[in-house]
Number of protein chains: 2
Amino acid sequence: MDTAERLLALLGLLQHRWHWSADELAERLEVTTRTVRRDVARLRIYGYPVEAFAGHGGGYQLGRGAALPPLLLDDDETMAVAFGLGVVGVAATSGVAGVDDAAVSALGKIEQLLPLRLRSRLDDLDAATVVPFRDQRALPDRRIVMALAHAVSARRVTTFDYVDGRSATTRREVEPVRMVRLGHAWYLAAFDLGRDDWRTFRVDRIASIDVSDVRSSERSGPDPVELVSRVAPASAFEHRAVVAIAATPDEIRRLVSTAIADLGPGSTTGHGTRATIGTDDLEWLAGYLMGLPWPFEVLEPDALRRRIADRAGALAARHAPPV
Amino acid sequence: MDTAERLLALLGLLQHRWHWSADELAERLEVTTRTVRRDVARLRIYGYPVEAFAGHGGGYQLGRGAALPPLLLDDDETMAVAFGLGVVGVAATSGVAGVDDAAVSALGKIEQLLPLRLRSRLDDLDAATVVPFRDQRALPDRRIVMALAHAVSARRVTTFDYVDGRSATTRREVEPVRMVRLGHAWYLAAFDLGRDDWRTFRVDRIASIDVSDVRSSERSGPDPVELVSRVAPASAFEHRAVVAIAATPDEIRRLVSTAIADLGPGSTTGHGTRATIGTDDLEWLAGYLMGLPWPFEVLEPDALRRRIADRAGALAARHAPPV
DNA sequence: GATTCAACGGACTGATCCTGTCCGCAGAGG
DNA sequence: CCTCTGCGGACAGGATCAGTCCGTTGAATC
């Protein structure tokens, strides 16, 4: 084991356990304690703060520094990180600008590096769990997002089935450029090789994805963000609901992701806050609203209004006190 | 820059961008391309699969190997990872045994390494967001969980305020040993220095935590898991609700975390599935149930039944079609 | 306060390895 | 077919590294 590898191993050991003595480290790394001390000194020079304690029960410990050291994760921790990133980036639980993007970019990074044996475990995990209350239709599959994030960063020609606004399915071959979150949904900006032009795709309408080994050609195109915001309204959500909620915008924002509801400016009225929500699935939205801790009234559409009335009526009838 | 540091930097560069040419790397690392090639070869010897492409537009790229290489995350990605782990471990969105534990253990690892400037950003992020529908009372603060996970792994004497079952608040000084998830809640197994005995604490009842620099003394004690499962029932949830849901157990499990509801064996009846749910907050549970996509009936307690009737009645009245 | 444990770091030596230079080879794209 | 780019052997000089030895310092325990 040479110097560099030993330093990497040392970083790993220090992250794996809270506390090591020089003797333990020396034994693990198969060197003398003098060398361990020198390696520790070197890590400190590189900027990783290794704390040392003398005396009985003394030893080494990694502390917080100026930057996060390279994270060495074991299999289970890798699963947890990948799963967590999927929840944040894909299910949009944060609603804070930037975090979702960072989550997806980190997902792409992991997708590129994830050993195959862990990939299948991650897929099993997905099959076994569903994030409560996520809009099953409008939110894309985490595997699709990961594959696309990877395709974008590795610049690979990618093929997939796409369902357009008129429910027509076509097989597309594209060169992905960038993923953009706009409002409630993720979009992919890409050069469509079949159409020989720039196109945007709603990620939740992509299926059967296949990332090839062929690298995209150099290509200068329009700004992906602009491309998406120009085209996206045409492929917006099927339904647009307006709801008056008996709570202040701040209260709502604390509980409802901005990726779900648009509170808009000047939305506060005498009856509370007016929220606009886009969705493809009214049934889901009905449940979502009923789960909120505030009274509300659906202003439009009527279909949603009726659905709320039905469900609430049925519940009320079933739970009425015995006469 | 010496060899080992350059290798670490090289790993970082390869993760940061999809694709680098030898010249670019050589310039960045301030060495000749020959040395870059040698460094790449060394990384491959260590087990990190660096892929190379010759010809026009050729270059280097990190591929998937046997194990995840040390992850070098930038600030934003670190935020996303920490936030995602918090969602999974703390808000219990997975419900799969092991993943929550791994998430909390990874959180502890990050807590130990997280630069201070990022810590405050993470706290801001927490303040700005709330995971929709999480049980505000029964689920602990992510910061508390992180601090405890760190205190456990670093074995630090820790003090905090604890609210016991009779709402009495006491300041405790403990040596934390392990965090255990049992049913719906996280528990901390620790040696209470004030009481001079082993105690368990519900993590969501811990506040004002302070992890000291003093390391715990060596101490052989009972098995933490056993300790928690022996004592925990005494500090269980305030309310226990039984609900009949018009869905199969499999359907329910797909949407509801097992950390929330216990479906129990033989729970399927003619009217659907009988679920047992523990909570401290009936109002929250009412909303949670109303958000589910299936009809249901509350069997007990009556207080919850009345609450459902009230809320559903009000909603139905408000959404009744105009006469 | 004495004792012990464990990290610290200087000095020295011989062996190792590392880097830059030079070069011909091989695979990919245009 | 030509060019671009990565590959890897050979070589020489010099930098670095590991082990050994040892006195010092700081903590914890008795």
Side-chain angles (χ1 to χ4, degrees), chain A residues 1-10 13-14 17-46 48-63 154-157 175 212-219, chain B residues 1-10 13-14 18-46 49-63 154-157 175 212-219:
Chain A
M1 199 188 271
D2 74 13
T3 316
E5 188 177 11
R6 201 178 54 236
L7 275 161
L8 276 164
L10 178 57
L13 289 175
L14 286 173
R17 226 174 69 181
W18 76 100
H19 184 240
W20 295 83
S21 71
D23 275 337
E24 289 171 314
L25 290 173
E27 195 183 342
R28 277 298 197 96
L29 302 171
E30 296 177 311
V31 289
T32 60
T33 60
R34 185 66 186 86
T35 300
V36 169
R37 278 205 299 281
R38 268 195 279 249
D39 286 350
V40 165
R42 209 162 341 180
L43 284 184
R44 291 204 259 245
I45 288 171
Y46 299 163
Y48 307 120
V50 184
E51 295 165 7
F53 305 89
H56 279 272
Y60 295 94
Q61 187 171 318
L62 208 49
R155 304 189 49 217
R156 310 277 197 162
V157 171
E175 296 179 348
S212 75
D213 288 335
V214 184
R215 276 180 307 125
S216 303
S217 40
E218 289 292 344
R219 205 183 287 280
Chain B
M1 199 189 270
D2 75 12
T3 317
E5 188 177 10
R6 200 179 53 235
L7 241 50
L8 275 163
L10 178 56
L13 289 175
L14 285 173
W18 74 102
H19 184 242
W20 296 83
S21 71
D23 274 335
E24 289 171 316
L25 292 173
E27 192 183 343
R28 276 298 196 96
L29 301 172
E30 298 177 310
V31 289
T32 59
T33 60
R34 184 67 186 88
T35 301
V36 169
R37 281 206 297 281
R38 268 194 282 249
D39 284 351
V40 167
R42 212 166 341 188
L43 284 184
R44 292 204 259 245
I45 288 172
Y46 299 163
V50 184
E51 294 165 8
F53 305 88
H56 280 274
Y60 295 94
Q61 188 171 317
L62 209 49
R155 303 188 50 217
R156 310 277 198 162
V157 171
E175 296 179 350
S212 75
D213 287 336
V214 184
R215 277 182 305 124
S216 304
S217 41
E218 290 288 345
R219 205 182 286 280

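All of these numbers come straight from a predicted model, not from anything done at the bench. Naming convention: chains lettered A, B, ... in sequence-line order (proteins, then strands); numbering from 1 in each chain.
Nearest approach of His19(B) to Gln61(B), heavy atoms of both residues: CD2-OE1, 4.3 Å.
Using a distance-only test at 3.5 Å, with no hydrogens or angles considered, no donor-acceptor pair links the side chain of Thr33(B) to the main chain of Ala22(B).
A straight line from CG of Asp39(B) to P of dG8(D) spans 14 Å, rounded to a whole angstrom. Counting to the nearest Å, the P atom of dT16(C) and the CZ atom of Arg6(A) are 15 Å from each other. Computed from coordinates, the His19(A) NE2 to dA27(D) P distance equals 14 Å when rounded to whole Å. With rounding to whole Å, Arg37(A) atom CZ is found 14 Å from dC21(D) atom P. Note: CD (Glu24(A)) to P (dA7(C)) measures 9 Å, nearest angstrom. Spacing between atom CG of Asp23(A) and atom C1' of dC8(C) amounts to 14 Å, rounded to whole angstrom units. When rounded to the nearest whole Å, the span between CG of Leu43(B) and P of dC7(D) equals 12 Å.
Looking at Arg34(B), its side chain has no donor and acceptor atom pair within 3.5 Å of the base of dG6(D).
Of the two residues contacting DNA chain C, namely Glu51(A) and Thr3(A), the nearest-nucleotide position lying further toward the 5' end is that of Glu51(A). Nearest-nucleotide mapping onto DNA chain C: of Ala54(A) and Asp2(A), the residue sitting toward the 5' end is Ala54(A).
Backbone-only engagement by Val31(A) is indicated by non-hydrogen atom pairs under 4.0 Å involving sugar-phosphate atoms exclusively.
Taking CG from Leu25(B) and CZ from Arg37(B), the interatomic distance works out to 12.0 Å, rounded to the nearest 0.5 Å.
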